[in-house]
Amino acid sequence: MAGERAALEDWLEYHRSTLLVKCQGLTGEQLAERAVPPSSLSLLGLVRHMTDVERAWFRIRCAGQTGLSFRYATDAAPDADFDFAEPSGAEDGLAAYREECELARAAMKGRSLDDTFFHQLRGVTMDVRWVYLHMIEEYARHNGHADLLREQIDGVTGS
C-alpha cells in the first residue's frame, strides 16, 4: 500500500495524463473547438487553464517562486486561457502544459505535505497537502468536462 504522499502524487499524475489522453489524436482545430456554445470551453482551453493552475498552486504559492505570472490569464483578460485558445496555438499549448507539470513536480520535490504558505488572496495559511487534494479535485472536474467535449467532437468516450 502506498503512503499518503505517493497516493496523492499518483492520483495527480493519473489526472494529468488523463487530460492529455483526452487531447490525443485531435487537430488544432478540434482542440480549440468550442463544443458547447456559447461557452468558450474547449479542450485546448482546459489545457491552457490547467497550465496556469499548475503554475499558480505549485510554483507561485507552494514554492514561493517570484517573478512569475500566469502564462495565459491577465488582469485585463482573466479568461484568456479559454477565450484566446486558437487552433494555431495547440502544439505550443500542449508543450507549455507538459513543461509546467514538469516544473511543478520539480518545485514540490523534497517538500513536506505539512509545509505551509500564506495565500494572499484568501488571507489564510495553507499546507501542501491541501494543494494536492485541491489539484486532484480540480483535475477531476475538468477531466469530466474534457470527456464531454471529446465525445461531442468525435464521439470518443472512455476513462
Side-chain angles (χ1 to χ4, degrees), residues 8-109 111 117 119-122 126 128 130-159:
L8 291 171
E9 288 177 348
D10 286 350
W11 273 110
L12 182 57
E13 289 304 324
Y14 168 79
H15 283 294
R16 285 171 172 158
S17 64
T18 297
L19 182 57
L20 289 172
V21 166
K22 297 300 173 189
C23 297
Q24 276 181 334
L26 297 178
T27 65
E29 288 77 18
Q30 289 171 311
L31 289 168
E33 184 178 325
R34 275 99 171 147
V36 189
S39 172
S40 64
L41 190 66
S42 68
L43 287 169
L44 180 56
L46 287 172
V47 167
R48 289 163 47 106
H49 174 69
M50 291 311 297
T51 301
D52 277 353
V53 170
E54 290 270 353
R55 178 177 280 208
W57 282 109
F58 289 121
R59 294 180 61 208
I60 296 172
R61 294 181 184 123
C62 286
Q65 295 178 4
T66 59
L68 293 176
S69 58
F70 293 125
R71 285 185 182 241
Y72 303 106
T74 64
D75 288 340
D79 294 324
D81 43 0
F82 292 106
D83 294 344
F84 304 133
E86 297 297 328
S88 61
E91 189 174 318
D92 288 343
L94 288 165
Y97 172 73
R98 288 185 182 97
E99 177 186 30
E100 199 59 50
C101 288
E102 194 57 43
L103 291 167
R105 288 181 197 99
M108 291 298 94
K109 190 170 184 150
R111 294 194 183 273
F117 62 93
H119 191 294
Q120 295 290 337
L121 295 174
R122 295 184 183 188
M126 303 176 120
V128 171
W130 185 93
V131 173
Y132 272 92
L133 291 168
H134 172 68
M135 290 297 291
I136 291 165
E137 176 275 329
E138 178 99 0
Y139 270 106
R141 185 166 30 93
H142 289 316
N143 280 337
H145 297 138
D147 246 354
L148 294 170
L149 289 165
R150 180 65 190 251
E151 186 175 5
Q152 182 68 27
I153 291 166
D154 68 357
V156 170
T157 61
S159 58

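The model shown is predicted, which means the values in this text are computed figures rather than measured ones.
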### Task
Using the test side chain to side chain donor-acceptor pair (under 3.5 Å), find all partners of Glu9 that sit at least two apart in sequence or belong to another chain.
Arg5
### Query
Residues two or more places apart in sequence or in another chain: which of them pass side chain to side chain donor-acceptor pair (under 3.5 Å) with Tyr97?
Tyr139
### Query
Any idea which heavy atoms bring Ser42 and Ala85 closest together, and the distance?
OG-CB, 4.0 Å
### Task
Check whether any side-chain heavy atom of Leu46 lies under 4.5 Å from a side-chain heavy atom of Leu41, and answer yes or no.
yes
### Message
Can you confirm whether Val131 sits close enough to Arg61 that some side-chain heavy atom of one is under 4.5 Å from a side-chain heavy atom of the other?
### Response
no
### Message
I need the single residue from Glu99, Glu13, Glu100 that forms a salt bridge (charged side-chain N to carboxylate O under 4.0 Å, His left out) with Arg105. Which is it?
### Response
Glu13
#### Entry: CH2 (Trp130) with more than 12 external heavy atoms under 6.0 Å
yes
### Task
Check whether any side-chain heavy atom of Arg98 lies under 4.5 Å from a side-chain heavy atom of Leu94, and answer yes or no.
yes
#### Entry: Heavy-atom check, side chain of Val47 versus side chain of Cys23, under 4.5 Å
yes
### Task
Look at atom CD of Glu91 and say whether more than 12 heavy atoms of other residues, nucleotides or ligands are closer to it than 6.0 Å.
no
### Message
Just so I know, are the side chains of His49 and Glu138 near enough to count as touching, which here means a heavy-atom distance under 4.5 Å?
### Response
yes
### Task
Give the minimum heavy-atom separation between Ala90 and Gly28, together with the two atoms involved.
CB-CA, 3.7 Å
### Message
My understanding is that only residues two or more places apart in sequence, or in another chain, count here; which of them pass side chain to side chain donor-acceptor pair (under 3.5 Å) with Arg34?
### Response
none
### Query
Does the side chain of Asp52 reach to within under 4.5 Å of the side chain of Arg48, using non-hydrogen atoms?
no
### Task
Provide the closest heavy-atom pair for Leu133 versus Leu8 in the form atom of the first, atom of the second, distance.
CD2-CD2, 3.6 Å
### Side-chain heavy atoms of Leu26 within contact of Asp154, under 4.5 Å
yes
### Query
Residues in salt bridge (Lys or Arg N to Asp or Glu O under 4.0 Å) with Glu33, at least two apart?
none
### Task
Using ring-ring contact (aromatic ring centres under 6.0 Å, His included) as the criterion, list what pairs up with His119, not counting sequence neighbours.
Trp57
### Summary
Nearest heavy-atom contact between Ala96 and Tyr72 is CB-OH, 3.5 Å
### Test side-chain contact (heavy atoms from CB on, under 4.5 Å) applied to Leu68 - qualifying residues, sequence neighbours left out
Arg55, Arg59, Ile60, Gln65
### Query
So do the side chains of Leu19 and His15 get within less than 4.5 Å of each other, counting heavy atoms only?
no
